[in-house]
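In what follows, chains carry the letters A, B, and so on, assigned in the order in which the sequence lines appear, proteins first and then strands, with residues in each chain numbered from 1.
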2 protein chains.
Amino acid sequence: MESNTHPLRIQIEELVQLTDKEFALVLEHFQQKRFKKHQIVLHEGDHAPFDFFIVKGLMKVSRIDLDGKEHILQFGMENWWVTDSEAFHHKTPSTLMVDCLEDTLALAITIENKDKLCLELPKMQYFFLKKATNGYIALQKRILCFLSSDANDRYHNLLSIYPGLIQRVPKAMIASYLGVTRETLSRLSGKK
Amino acid sequence: MESNTHPLRIQIEELVQLTDKEFALVLEHFQQKRFKKHQIVLHEGDHAPFDFFIVKGLMKVSRIDLDGKEHILQFGMENWWVTDSEAFHHKTPSTLMVDCLEDTLALAITIENKDKLCLELPKMQYFFLKKATNGYIALQKRILCFLSSDANDRYHNLLSIYPGLIQRVPKAMIASYLGVTRETLSRLSGKK
DNA sequence: CACTTTAAAGGACATTTGTCAAAGATCTGA
DNA sequence: TCAGATCTTTGACAAATGTCCTTTAAAGTG
């Protein structure tokens, strides 16, 4: 892949500029991973050795509750970062499951390499700080959506956050992300 | 206040060690602010010039929706950080309101001083990165709570996140934080 | 202390959402 | 292409929650 058009480089350079050499250094800290559709990337209870930058494909992060119902915390498509954040950063057993909804190509980084990269290239610590801050803001918005919007509004909000997702994911999973049953989501479809 | 027992220093030193001189430098980037109960610290639509570290007192962050209903995104008591994150970091007009539930003493930092401090003292950038990451993890947990728990579970979850809050805040506000009406919360009180 | 405001709880009823069941539609792999 | 699996929609009913209202208690104010 041409370095200048590498999706990871494009994302980083939205926040900080890198030389070719610096980006090469960044890439050295990642390993490329391929997963097949339906493959489980992280089992609940396991340690989470990687944070994944998705180059191509689609993953989901979810939890199965005591009644066997799946609750979807996050979808990850191209250019999204996906992991169990708590397990990854705190080295605790994962409470979430990560699996693939499509064949997926990802760049994987360990917490050790992430810390090392931040020390070697302080720009990258700035990059990760901005990404964490923006992630925090995005989750605040999702919470406000739970507080103030009904399922219909949340559905339309989802469409704007994940353009194209609706064509790639069963509606039952969309419902799970929204916190309603598939029946409720189905009844919503009639409404604007 | 004795420097070694300053609440801000205690919080920072949970993640990075500081010399007396370094902590003095940190403090130089903040200004002390006092607010009275019911005082509005940030009006919706205004710019958010400060992130507040609460030394003493209690604030809330909320939004009033089109029907006039208040939705509470966050409470901030001692040692919590409070602002409209999006408005503060992106310098956009605030979409949230911040006000005081008690007389409050806070340390206020501007985004310019925060950036400057991170450059002067890279440890502090690391500190803010860890805080942002932990904040992200906490919000993920709150979202999972919305997805998988009923209001009763969310209520007990709130009690564990904000010990002592229940004694300081009207139940109607607790209900607003949980995303239910005060009547529903009242019915819950009977259940374990 | 008296007075006003605010908070809490509960009842009655309407609305929303979940649950369970069934049927049709779509996708998928041999 | 066919047959099984998965997905989506719909209906009937139950459960949860919201809305509106009243009553009582508690807190704040002059």
Participant: Quick check: B/Phe88 with B/Phe50 (ring centres under 6.0 Å apart)?
Facilitator: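 No, they do not, as the ring centres are separated by 6.0 Å or more.
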
Participant: Atom CG of A/Asp67 and atom P of C/dG18: how far apart are they, to the nearest Å?
Facilitator: 14 Å

Participant: If you check every side-chain atom of B/Ser186, which of C/dA9, D/dG28, D/dT19 has the closest atom?
Facilitator: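 It is C/dA9.
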
Participant: Mapping B/Ala151 and B/His38 to their closest nucleotides on DNA chain D, which lands nearer the 5' end?
Facilitator: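 Looking at DNA chain D, the more 5' nearest nucleotide goes with B/Ala151.
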
Participant: Nearest to the B/Lys37 side chain among D/dG11, D/dT17, D/dG28, which nucleotide is it?
Facilitator: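 Ranking D/dG11, D/dT17, D/dG28 by closest atom to the B/Lys37 side chain puts D/dG28 first.
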
Participant: My understanding is that only one of A/Gln31, A/Glu28, A/His29 makes a side chain to side chain contact (heavy atoms under 4.5 Å, CB included) with A/Asn113; could you say which?
Facilitator: A/His29

Participant: Report yes or no: do A/Asp65 and A/His71 form a side-chain donor-acceptor pair below 3.5 Å?
Facilitator: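 Looking only at side-chain atoms, A/His71 and A/Asp65 do form a donor-acceptor pair, the distance falling under 3.5 Å.
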
Participant: Are there over 12 heavy-atom neighbours, none belonging to A/Lys114, within less than 6.0 Å of that residue's NZ?
Facilitator: yes

Participant: What is the distance from CG of B/Leu147 to P of C/dT17, rounded to the nearest Å?
Facilitator: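 Rounded to whole Å, this separation is 15 Å.
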
Participant: To the nearest Å, give me how far apart CG (A/Leu185) and C1' (C/dT16) are.
Facilitator: 15 Å

Participant: Over 60° means perpendicular and under 30° means parallel, so classify the ring planes of B/Phe52 and B/Phe35, tilted if in between.
Facilitator: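 Perpendicular.
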
Participant: Could you give all pairs that pass the ring-ring contact (aromatic ring centres under 6.0 Å, His included) test and reach residues 129-155 of chain A, with sequence neighbours left out?
Facilitator: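 Every pair satisfying ring-ring contact (aromatic ring centres under 6.0 Å, His included) with a residue in residues 129-155 of chain A: A/Phe146-B/Phe146.
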
Participant: Identify all pairs in which a protein N or O lies below 3.5 Å from an N or O of nucleotides 21-27 of chain D, and state each distance.
Facilitator:
none

Participant: Please report, rounded to the nearest Å, how far the C1' atom of D/dA16 is from the CG atom of B/Leu188.
Facilitator: 10 Å

Participant: Is the B/Phe53 to B/Trp80 ring centre distance short of 6.0 Å?
Facilitator: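 Aromatic pair excluded; centres sit 6.0 Å or further apart.
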
Participant: Give the rounded distance in Å between these two atoms: CZ of B/Arg187 and C1' of D/dA16.
Facilitator: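 Interatomic distance, CZ of B/Arg187 to C1' of D/dA16: 9 Å.
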
Participant: Please say which of A/Lys36, A/Arg168, A/Lys37, A/His38 ends up in a side chain to side chain donor-acceptor pair (under 3.5 Å) with A/Glu102.
Facilitator: A/Arg168

Participant: So, B/Phe75 versus B/Tyr177, ring centres under 6.0 angstrom or not?
Facilitator: yes

Participant: What is the distance, to the nearest angstrom, from the CG atom on B/Asp103 to the C1' atom on D/dG28?
Facilitator: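 Distance, rounded to whole Å: 14 Å.
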
Participant: I need the residues from residues 164-182 of chain A with at least one non-hydrogen atom less than 4.0 Å from DNA chain C; give them sorted by number, or say none.
Facilitator: A/Gly179, A/Val180, A/Thr181

